[in-house]
Protein chains: 2
Amino acid sequence: MYPDKKTTIQDIAARANVSISTVSRVLNNTAPVAEETRRRVLRIIDELGYKPNLFAQSLAGGQSRTIGVLTQLIGSPFYDVILRGILQGIEGSGYSPLFADGGWDGNKDRIALNMFMDRKVDGLILLNGHTSDDYLVDLASQVPMIVLGRVIPGLEELCLPFDDYEAARKATRYLIETGHRRIAHITGILSHEDAIERKNGYLSALAEAGIEADPDLIIEGDYTEPSGVMAVEMLLMRGRIFSAIFASNDQMAYGARLALHRRGLRVPEDVSIVGFDDQAPSAYMIPPLTSIRRTPLEIGEVAGRALVDLMQGKPIRLPKFQSVLMIRESVMRRL
Amino acid sequence: MYPDKKTTIQDIAARANVSISTVSRVLNNTAPVAEETRRRVLRIIDELGYKPNLFAQSLAGGQSRTIGVLTQLIGSPFYDVILRGILQGIEGSGYSPLFADGGWDGNKDRIALNMFMDRKVDGLILLNGHTSDDYLVDLASQVPMIVLGRVIPGLEELCLPFDDYEAARKATRYLIETGHRRIAHITGILSHEDAIERKNGYLSALAEAGIEADPDLIIEGDYTEPSGVMAVEMLLMRGRIFSAIFASNDQMAYGARLALHRRGLRVPEDVSIVGFDDQAPSAYMIPPLTSIRRTPLEIGEVAGRALVDLMQGKPIRLPKFQSVLMIRESVMRRL
DNA sequence: TATTATTGTGAAAGCGCTTTCAATTTACAC
DNA sequence: GTGTAAATTGAAAGCGCTTTCACAATAATA
């Protein structure tokens with residue numbers, strides 16, 4: 001059922017009447033081998049179901065055929081899909097992914113990164129995180145690396161940002177175009193870069209339209225549904241008028257939507273909502289939620305492939321990904 | 001910034017005036033070492049920031065300090081949270097997780113499993129999957145292993161099933177208790193064990209109440225939102241009366257709910273719905289969805305810890321996890 | 001006190017592979 | 001033909017660690 005794990009390169013060499021060096025050569029294509037010899041060795045390898053011992057290879061060669069993937073919180077939809085994309089991107093490359101979860105905690109990031117280095121990963125993909133730029137610059141000099149969702153000064157060509165600013169601007173602008181002037185914003189965790197970017201995008205769209213931002217209409221959430229309801233409660237309590245809400249992610253939009261409902265406010269008749277991330281359920285909310293869609297699967301796949309190229313010394317060029325606003329029914333034109 | 005990666009056991013031995021054997025011994029506690037020597041070695045290890053080379057260790061010792069985690073589809077909420085639980089469960093154990101995605105495809109499962117064995121993982125955690133029982137029984141004889149969401153005959157003590165049958169029964173029974181008799185069921189993918197179990201639970205609850213199951217009220221879905229709307233369209237087209245729907249997961253419940261809304265049917269006044277999995281948005285749907293909640297985080301954590309114990313030769317005992325029905329507002333009592 | 005375990009430690013043999021280094025052929029140009 | 005480059009191959013030296021095996025020094029037992 002499972003190939004005999006005890007076959008070594010020695011066995012192959014013996015059976016094929018060559019030295020282990022030769023076997024190693026046909027295995028790695030590292031030097032010319034006579035066609036006939038190559039074929040014979042290959043046949044025997046196949047017959048015996050020989051698989052080189054990866055540890056021996058790594059020890060001797062210095063390659064672990066492993067890449068480290070550091071995510072921030074397994075279980076958050078957007079990142080998880082990126083993860084799947086990465087898996088697709090490296091599929092067939094011979095590299096296997098070692099995972100770690102930083103939990104949006106710089107310390108855990110460090111620990112994970114150290115673990116990766118101890119295990120001598122051949123490459124690294126970071127999904128955002130709270131590690132300092134300096135540390136990453138240093139790290140990048142030691143191992144091929146791709147950084148998602150963040151741009152590190154000095155490593156621009158290895159970074160693939162997520163377009164948070166532009167997307168948030170686009171979302172806010174849409175609300176403005178549909179006639180809204182008093183637009184509330186439920187932000188994400190403001191210690192996260194992406195939340196800041198989105199807030200800035202919102203602010204910029206307002207400024208662009210000559211609308212003065214009202215601090216009272218900006219509430220910090222934490223990316224969870226409950227924080228969405230809290231935000232609406234807060235907004236209502238403050239008594240400021242608003243006709244629309246731009247939430248920094250869909251989960252908070254869900255929360256906001258329910259809170260509005262509880263207070264007898266209709267969506268979109270009384271209040272319009274736009275979310276961010278376009279999670280699967282959003283199109284099935286009542287009413288279906290207008291939201292910003294990104295392409296996490298593609299992002300992950302591109303990152304995975306780029307890392308493989310990078311590890312093989314090929315030049316890489318990371319594309320820019322554009323977000324698109326999925327217009328549904330949670331926004332109503334205001335006259 | 002990053003510890004000098006060139007320090008080897010030789011360096012430590014030299015500085016400490018002992019042989020490398022001794023250093024190895026203090027490192028692994030594999031034989032008594034004089035207290036004074038041990039302290040000296042430890043101090044030098046610390047001073048030089050020495051970290052043993054894992055490949056050398058593995059090659060010489062046969063342990064990879066790595067475990068393989070095979071999930072089925074990164075990006076599905078329930079499994080992803082289990083993954084996070086596993087990460088928590090093995091944290092601090094010194095084992096690092098290698099991930100692979102089987103995509104509910106027996107072949108990919110095999111490939112991943114082979115990859116794990118090539119990499120000589122010390123342990124394995126399988127989240128369900130389509131690998132044959134025989135194969136797994138064989139595998140279990142080669143490496144410590146925990147199987148989640150499925151029970152393999154002969155490996156019962158290594159399996160932690162998910163209670164699908166009982167939970168589905170509980171959900172259906174609740175609908176019956178609230179006065180519903182014509183209860184539709186949107187199943188999951190019926191080639192998946194869990195979908196079958198849930199369907200059986202549903203059937204059993206009906207039988208128990210003396211309600212004859214109507215095949216026309218059972219529609220196969222595929223666990224996605226769109227299949228939920230399709231199912232309702234189908235149900236409506238068939239023209240059979242029903243006052244409640246039990247969906248095999250929340251996503252399909254979302255779809256069903258929207259489809260009902262489009263057709264002018266109110267939830268729960270006209271049709272009651274109960275879902276399965278209690279995903280985060282469910283409590284924020286309108287109306288909040290009654291659903292079955294399981295504890296994926298705990299399940300994962302327990303599995304992770306159990307595997308560590310298993311690898312260390314300790315006896316394990318997997319607990320039974322109970323699901324609970326989260327009663328919210330999507331079900332209305334029928335008189 | 002003689003004998004037998006125990007401790008404490010180093011030398012050396014691998015673990016299974018990659019990679020010089022050198023030697024032996026073979027091929028091609030002049 | 002003769003010389004030189006290219007093709008083929010093996011021996012051997014590691015890669016950095018774990019683990020016998022041996023041996024000396026102590027401690028425990030009779």
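Just so we're on the same page: letters track the sequence lines, and every chain starts at 1. These figures come from a predicted structure and were not determined experimentally.
- Pairs passing the salt bridge (Lys or Arg N to Asp or Glu O under 4.0 Å) check and including a residue from residues 30-40 of chain A, sequence neighbours excluded, read A:Glu35-A:Arg39.
- When the C1' atom of C:dC17 is taken as reference, atom CG of A:Leu59 falls 8 Å away, rounded to whole Å.
- Side chain of A:Thr30 to main chain of A:Asn28: no donor-acceptor pair is present (N/O by atom type, distance under 3.5 Å, no hydrogens or angles).
- Residue A:Met145 is tested with A:Ile67, A:Val121, A:Ile152, A:Leu155 for a side-chain contact (heavy atoms from CB on, under 4.5 Å); the sole match is A:Leu155.
- Among C:dT18, C:dG10, C:dG16, the nucleotide with an atom closest to any side-chain atom of B:Ser19 is C:dG10.
- Among the nucleotides C:dG16, D:dC17, D:dT19, the one closest to any side-chain atom of B:Ser21 is D:dT19.
- For the pair B:Leu54 CG and D:dG16 P, the interatomic distance rounds to 13 Å; values are reported in whole Å.
- Counting only residues at least two apart or in different chains, side chain to side chain donor-acceptor pair (under 3.5 Å) contacts with residues 298-310 of chain A comprise A:Glu301-A:Arg305.
- Contact record, A:Ile12 with A:Leu48: CD1-CD2, 4.1 Å, taken as the closest heavy-atom pair.
- Between B:His130 and B:His192, the ring planes lie perpendicular to each other; the angle is over 60°, past the 30° to 60° tilted range.
- Axis deviation across the helix from C:dT1-D:dA30 to C:dC30-D:dG1 amounts to 30°, comparing end segments of five pairs, rounded to 10 degrees.
- With D:dG14, D:dT18, C:dA11 as the candidates, the nucleotide lying closest to the side chain of B:Ile20 is D:dT18.
- Checked against side-chain hydrogen bond (donor to acceptor under 3.5 Å, both in side chains), A:Thr71 has no partners two or more places apart in sequence or in another chain.
- Residues forming a salt bridge (charged side-chain N to carboxylate O under 4.0 Å, His left out) with A:Asp133 (at least two apart in sequence, or on another chain): A:Arg150.
- Atom CD of B:Gln63 and atom P of C:dC15 are 17 Å apart (whole Å).
- Of the candidate nucleotides D:dC17, C:dC17, D:dG10, D:dC17 has the atom nearest to the side chain of B:Ala60.
- Across residues 24-45 of chain B, B:Ser24, B:Arg25, B:Asn28 each have a non-hydrogen atom less than 4.0 Å from an atom of DNA chain D (numbered order).
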